[in-house]
Amino acid sequence: MEKDTCPLFSLCGGCDYKGRYSDELRDKTEYVHSLFYSHCPTYETIGGNYKGYRNKVSATFGYDKKGRIISGLYIKGTHRLVRKIDCPLEFSGSEKILQTIRRLMKSYKMRPYDEDRMTGEIRHVLLRKGHKSNEVLVLLVVSRNDIKNLKAFAASIMDMEKSVKTVCCQVNNEKTSMLLSDNPVKTLAGPGVINSILFDLSFKVSASSFFQINDKMTEVLYDMALYMARLSGKEKVLDAYSGTGTISMIASRKAKKVVAVENNRDAVISAIKSAKENHIDNVDFIYADASDFIKEEAKAKEKYDVVFLDPPRAGSDEKFLAALIRLKPKRIVYISCNAETAERDLRYLERFSDYRAKAVQPVDMFSRTKHVEVVILIEKAN
């Protein structure tokens, strides 16, 4: 992609780059180096697919000037909806599914939600596609609970789009432009989850599950994390912020025992189901706050050889890092989608312990955007 031609580039705000991909990778390497140069070497950013890589697609519904139902996005910094065309970054076939939903809305007399008048039924739609399984989940974000024929509407989506294996809904009746709410997700048709396959392992993905947005580069990212962990099959491993257990189950093939800690109950339930389906029996999934858990493990003098941590964009916190220091693992593999908060957490570890970063590897998970994932190897100083 030497020259991008997307006509919405200046309006959307979703992309930060539209030039040569090699320039983007160079910029990301230089950015990570600028943060970590005083800590450890920075390797060149690993690049990958930059077309159709997004396995999660969202769209807001409204009307155009002629009163036709459209799905699109708000122009950057405004509440003006613009019709979205095939986005080069989104998975192939996503626009066709949205087109089918628009047609069915007309048939079922479903109206786009009007924020000012607070009328209409369909606010947003979220699509998720499973890697290699090609299964698609549709989440309808609706304005209220008592919408007639919503289950029939969902069934019709599945009838017309064979890749769609489940349709769910969530009520968002807040006066906000936020896509999702805190309300529970309900299944309208299908099992409520899809399968996504990484490293030949099958993972259950729900509408609310955290799952990396770029499947191909996720495998590259986790390969690098495992390489840094240097597992031989004898290690006891802790996976903090374990989510749906992706890293835990991948690491379980090369470790003696894995303990996965996550404070999202639904994610833990999904992880347990996935482990059972994949015949994995050397991972314990713990529903708990990671900081509290490892503090108690350190108090009990439990030993871990390797700790993986993959916190949210805000990074970890001093409570967790202080507990991690007391746990005294041999190696820490820190995976982060925010290099700045990762560097901040690294400074804390290096200030209050003898842990030191050995290397940082940037991975381009979010092509065409300014974001870059990093994997950091941290070990005790010699």
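For this chain, numbers begin at 1 and follow the sequence in order. Note that this is a predicted model, so its numbers are computed, not measured.
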Salt bridge present between Asp292 and Lys295 (N-O < 4.0 angstrom) = no
inquiry  = Check this for me: does any side-chain nitrogen of one of Asp146 and Arg144 sit under 4.0 Å from a carboxylate oxygen of the other?
reply    = yes
ask   = In terms of side-chain geometry, is the basic nitrogen of Arg230 or Glu235 positioned less than 4.0 Å from the acidic oxygen of its partner?
value = no
ask   = Is Tyr31 atom OH crowded by more than 12 heavy atoms from other residues, nucleotides or ligands, each under 6.0 Å away?
value = yes
Donor-acceptor contact present, side-chain Asn214 to main-chain Met217, <3.5 Å = yes
ask   = CZ of Arg313: more than 12 outside heavy atoms within 6.0 angstrom?
value = yes
request  = Decide yes or no for Thr166 and Val138: does some side-chain heavy atom of the first lie under 4.5 Å from some side-chain heavy atom of the second?
outcome  = no
message = Donor-acceptor check, side chain of Asn282 to backbone of Ser252, threshold 3.5 angstrom: yes or no?
response = yes
query = For the side chain of Asp114 and the backbone of Thr119, is there at least one donor-acceptor N/O pair under 3.5 Å apart?
reply = no
Heavy-atom side-chain proximity of Leu89 to Cys15 below 4.5 angstrom = yes
query = If you measure from the Lys or Arg side-chain nitrogens to the Asp or Glu carboxylate oxygens, is any gap between Lys299 and Glu296 under 4.0 Å?
reply = yes
inquiry  = For the residue pair Glu90 / Tyr53, report whether a side-chain donor-acceptor contact shorter than 3.5 Å exists.
reply    = no
request  = Kindly check if the number of other-residue, nucleotide or ligand heavy atoms within 6.0 Å of CD (Glu44) is above 12?
outcome  = no
inquiry  = Determine whether a donor-acceptor pair (N or O, by modelled atom type, separation under 3.5 Å) exists between the side chain of Asp284 and the backbone of Val259.
reply    = no
query = Are Val171 and Met118 grouped together when hydrophobic residues (ILVMFWY) are joined by side-chain heavy atoms under 4.5 angstrom apart?
reply = no
key: Pair Arg344 + Glu340, salt bridge at N-O below 4.0 Å   = no
Note, Leu349 side chain near Leu321 side chain (heavy atom, < 4.5 Å) = yes
query = Does a side-chain heavy-atom distance below 4.5 Å link Val32 with Pro362?
reply = yes
task = Would you indicate whether Tyr37, at its atom OH, is surrounded by more than 12 heavy atoms from other residues, nucleotides or ligands within a distance under 6.0 Å?
result = no
task = Could you tell me whether a side-chain N or O of Ser133 sits under 3.5 Å from a main-chain N or O of Asn195, the two making a donor and an acceptor?
result = yes
Charged N-O contact under 4.0 Å between Glu302 and Lys236 = yes
key: Ionic contact status for Arg331 with Asp305, cut-off 4.0 Å   = no
ask   = If two hydrophobic side chains count as joined below 4.5 Å and joins carry through other members, does Tyr304 share a cluster with Leu231?
value = no
message = Could you check whether any side-chain heavy atom of His371 comes within less than 4.5 Å of a side-chain heavy atom of Lys28, counting everything from C-beta outward?
response = no
N-O pairing of Glu24 and Arg368 below 4.0 Å = yes
task = For Ser181 and Asn172, test the side chains for any donor-to-acceptor distance below 3.5 angstrom and give the result as yes or no.
result = no
query = Quick one: does Val258's side chain get under 4.5 Å of Phe285's, heavy atoms only?
reply = no
Where Ala271 and Gly243 come nearest, the two heavy atoms and their spacing = CB-O, 4.4 Å
request  = Mark yes or no for whether Thr29, through its side chain, and Thr45, through its backbone, hold a donor-acceptor pair below 3.5 Å.
outcome  = yes
task = May I ask you to decide if Leu201's main-chain N or O and Asn278's side chain share a donor-acceptor pair within less than 3.5 Å?
result = no
query = Is the shortest distance from a Lys or Arg side-chain nitrogen in Lys273 or Glu277 to a carboxylate oxygen in the other one below 4.0 Å?
reply = no
key: Atom NZ of Lys257 with >12 non-hydrogen neighbours under 6.0 angstrom   = yes
task = Apply the side chain to side chain contact (heavy atoms under 4.5 Å, CB included) test between Val125 and each candidate in Thr60, Val167, Leu140; give the one that qualifies.
result = Leu140
inquiry  = Side chains of Tyr287 and Asn263: any donor to acceptor distance under 3.5 Å?
reply    = no
remark   = Scanning both residues in full, the closest heavy-atom pair of Tyr113 with Gly120 reads CD1-O, 3.8 Å
ask   = Should Arg103 and Thr100 count as side-chain neighbours, where that means a heavy-atom distance under 4.5 Å?
value = yes
task = Answer yes when Lys96 and Glu161 have at least one side-chain N-carboxylate O distance shorter than 4.0 Å, and no when they do not.
result = yes
Check: Val261 main-chain N/O paired with Ser242 side-chain donor or acceptor under 3.5 Å = yes
note = What one should report as the nearest heavy-atom pair of Asp310 and Tyr241 is O-CB, 3.5 Å
inquiry  = Between Ser336 (side chain only) and Asn338 (backbone N and O only), is there a donor and an acceptor less than 3.5 Å apart?
reply    = yes
key: Check ion pair Arg111-Glu121 (N to O, under 4.0 angstrom)   = yes
Thr369 side chain vs Asp16 backbone, donor-acceptor pair below 3.5 Å = no
query = Between Arg102 and Glu95, is there a salt bridge with N-O shorter than 4.0 Å?
reply = yes
remark   = Gln170 and Val185 have their tightest heavy-atom pair at NE2-CG2, 4.0 Å
hydrophobic_cluster_shared for Leu188 and Ile101, side chain cutoff 4.5 Å = yes
task = Please step through side-chain hydrogen bond (donor to acceptor under 3.5 Å, both in side chains) for the pair Tyr227 and Gln361, ending with a clear verdict.
result = CA-CA 11 Å; Tyr227 172 76; Gln361 175 65 69; over 6 Å; no
task = Would you name the heavy atoms of Asp364 and Ser367 that are closest together and state the gap between them?
result = OD2-OG, 2.8 Å
inquiry  = Could you check whether atom NZ of Lys132 has more than 12 heavy atoms from other residues, nucleotides or ligands sitting under 6.0 Å from it?
reply    = yes
ask   = Going by atom types only, do Asn55 and Asp215 share a side-chain donor-acceptor pair under 3.5 Å?
value = yes
ask   = Pro329 and Tyr355: which non-hydrogen atoms are nearest, and at how many Å?
value = O-OH, 2.5 Å
Whether Phe203 and Phe211 hold their rings parallel, tilted or perpendicular, with breakpoints at 30° and 60° = tilted
request  = Verify whether one side chain among His131 and Ser196 offers a donor that lies under 3.5 Å from an acceptor in the other.
outcome  = no
